[in-house]
There are 2 protein chains.
Amino acid sequence: MNGRIGVPVTIRAMERSSTTPGGSARREATRQKLYEAAVTLIAEQGFSATTVDEIAERAGVAKGTVYYNFASKSVLFEELLRHGVGLLTASLREAAERTAAEGGGGVDALDAMIRAGLVFIDRYPAFTQLYVAELWRTNRAWQSTLMVVRQQAVAVVEGVLREGVANGEFSEEIDVPLTAAALVGMVLVAALDWKSFQPERSLDDVHSALSRLLQGRVSGRR
Amino acid sequence: MNGRIGVPVTIRAMERSSTTPGGSARREATRQKLYEAAVTLIAEQGFSATTVDEIAERAGVAKGTVYYNFASKSVLFEELLRHGVGLLTASLREAAERTAAEGGGGVDALDAMIRAGLVFIDRYPAFTQLYVAELWRTNRAWQSTLMVVRQQAVAVVEGVLREGVANGEFSEEIDVPLTAAALVGMVLVAALDWKSFQPERSLDDVHSALSRLLQGRVSGRR
DNA sequence: GTTTTTGCACTGACCAGTCAGTTCAAAAAC
DNA sequence: GTTTTTGAACTGACTGGTCAGTGCAAAAAC
């Protein structure tokens, strides 16, 4: 149908996909505005219910600009996912490494990562919301992106668990992937509940509640 | 806009809203088929990306039948939510009560509820998926339905925790709502990961991994 | 004979993606 | 140092298609 202009369009999409390092400062700023607009709208309404017009409007930009910067609505979304999870993964890794450097054990590392997770969710609640909402969907275009990105984050937790098992700090009977998923879930759901239903509480407060649960200090009075 | 036909539509919607007990058996069967079709499609694609035509087709029913049975697409979805969470809540409550009757303590009750949660997710993975995807969204039509329904389920866990605190089995320092949310999250995320990424594992397997985590038997070899 | 379902044509709103045209800052030409 | 050219970035009206919901007469089920 549009064979007439098919080639230019394709080239435009190719040239300007992915987290282009060669973007001008202006362009990078526009992309950032679009990420910020998209993340809150999609967190609130979901991907399909959010229109490109809305995203453009909230970013204070014309619709055409969205398509000048991203090949399509779903590409915008995929890059948003990669961007966000990159931040989270870096933060988790940093927490684990810092604890190790300070001579803490596996439990300290897990605790530090819980805090890093809470800090992240505190700062980017909309991203977290959107991530959870999309993670377990099947048959979606960005399925593979999500898998990769999920594995990056969970792998950090698994690494700490595995090391703990190796040096005898954790029981050999623990199931590393499942326990990692459960820990992530614990933090994720507790934090989302915190943000949604009792946002006035402090991060320290939430952190100490989760620490207690992690260390099995729930049963038994003290 | 549709004042011309506004009244008949409203009447039809009124007559036939909510989990009508007065429905004929035939009608109830049709509704059930529609729930089943809708739950998988929406879990896969999300609410907005799922069309009424698709739901009707998968249920093996004419589109008109959908609107004969439900006032709108979102009413169908809301009733689906209520229906599903009703099943879950009943199952959790039953587990807690059975344990209590058998003379078990709070930890046993929590453990039984973890299992009940896993059994539920094992049986209705699509519903769980869809529930998680919608729970923390804001600005949606069925927001209030979700809140009510969430509270029902979490309240069961909170009840067990509170009772444990009252009789001294659990520390008085635990934060009941937050700990309940964290426990729910632990089960939810672990189970969704199980179903999505290692579906071949047995329920018992997953259950024992979570039990261990609950009882703080992660640290310390044994 | 009443309730429920069917089949299908129809409408109007909405929306992803397109593209011809505009803007403007910096480079090139003079 | 002034004028001209260039091209990346941006704009917004427009298009082709999709979809929720309607209307209704006839058939099937009860």
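In what follows, chains carry the letters A, B, and so on, assigned in the order in which the sequence lines appear, proteins first and then strands, with residues in each chain numbered from 1. Only heavy atoms go into these numbers, but all of them, side chains included; no hydrogens, no water, no symmetry mates.
Among pairs with a residue in residues 127-138 of chain B, those fulfilling salt bridge (charged side-chain N to carboxylate O under 4.0 Å, His left out) read B/Glu134-B/Arg137, B/Glu134-B/Arg140, at least two apart in sequence or across chains.
The stretch residues 37-54 of chain B touches DNA chain D through B/Thr50, B/Thr51, B/Val52, each having a heavy atom under 4.0 angstrom from the strand.
At whole-Å resolution of the value, OH in B/Tyr67 and P in D/dC19 are 12 Å apart. Atom pair B/Phe77:CZ and D/dA20:P shows a separation of 14 Å (rounding to whole Å applied). B/Lys73 has its NZ atom 12 Å from the C1' atom of D/dT18, to the nearest Å. Atom CD1 in B/Ile55 sits roughly 13 Å away from atom C1' in D/dG21 (whole-Å rounding).
Nearest heavy atom pair, residue A/Val187 against residue A/Leu210, reads CA-CD1, 4.2 Å. Nearest heavy-atom pair across A/Ala95 and A/Ala112 is CB-O, 3.8 Å. Of all heavy-atom pairs between A/Ala38 and A/Leu80, the closest is CB-CD2, 4.2 Å.
The pair A/Arg162-A/Glu158 counts as a salt bridge, with a side-chain nitrogen and a carboxylate oxygen less than 4.0 angstrom apart. Salt bridge status for A/Arg93 with A/Glu97: absent, with no side-chain N to carboxylate O gap under 4.0 Å. Contact check on A/Glu57 versus A/Lys63 returns no salt bridge, with no Lys/Arg side-chain nitrogen under 4.0 Å from an Asp/Glu carboxylate oxygen. Salt-bridge formation is not detected for the pair A/Glu36/A/Arg58: no Lys NZ or Arg NE/NH1/NH2 atom is positioned less than 4.0 Å from an Asp or Glu carboxylate oxygen.
With hydrogens and angles disregarded, no donor-acceptor distance shorter than 3.5 Å links the side chain of A/Thr179 to the backbone of A/Val176.
Partners of B/Phe77 by ring-ring contact (aromatic ring centres under 6.0 Å, His included), not counting sequence neighbours, listed by chain and number: B/Phe47, B/Trp142. Residues meeting the ring-ring contact (aromatic ring centres under 6.0 Å, His included) test with B/Tyr124, sequence neighbours left out: B/Phe120.
Side-chain atoms of A/Asn69 lie closest to D/dC10 of the nucleotides D/dC10, C/dA16, D/dA20.
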Using a cutoff of under 3.5 Å, can you pull out all pairs of nitrogen or oxygen atoms linking the protein to nucleotides 6-8 of chain C, with atom names and distances?
residue: C/dT6; atom: OP2; partner: B/Ala62; partner atom: N; Å: 3.1
residue: C/dT6; atom: OP2; partner: B/Thr65; partner atom: OG1; Å: 2.5

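Regarding contacts with the backbone of D/dA9, a side-chain N or O of A/Arg27 is found under 4.0 angstrom from either OP1 or OP2.
DNA chain D is contacted by both B/Arg26 and B/Ser74; B/Ser74 maps to the nucleotide lying nearer its 5′ end (nearest heavy atom per residue).
Over its full length, the helix from C/dG1-D/dC30 to C/dC30-D/dG1 turns its helical axis through 20°, comparing axes from the five pairs at each end and rounding to 10°.
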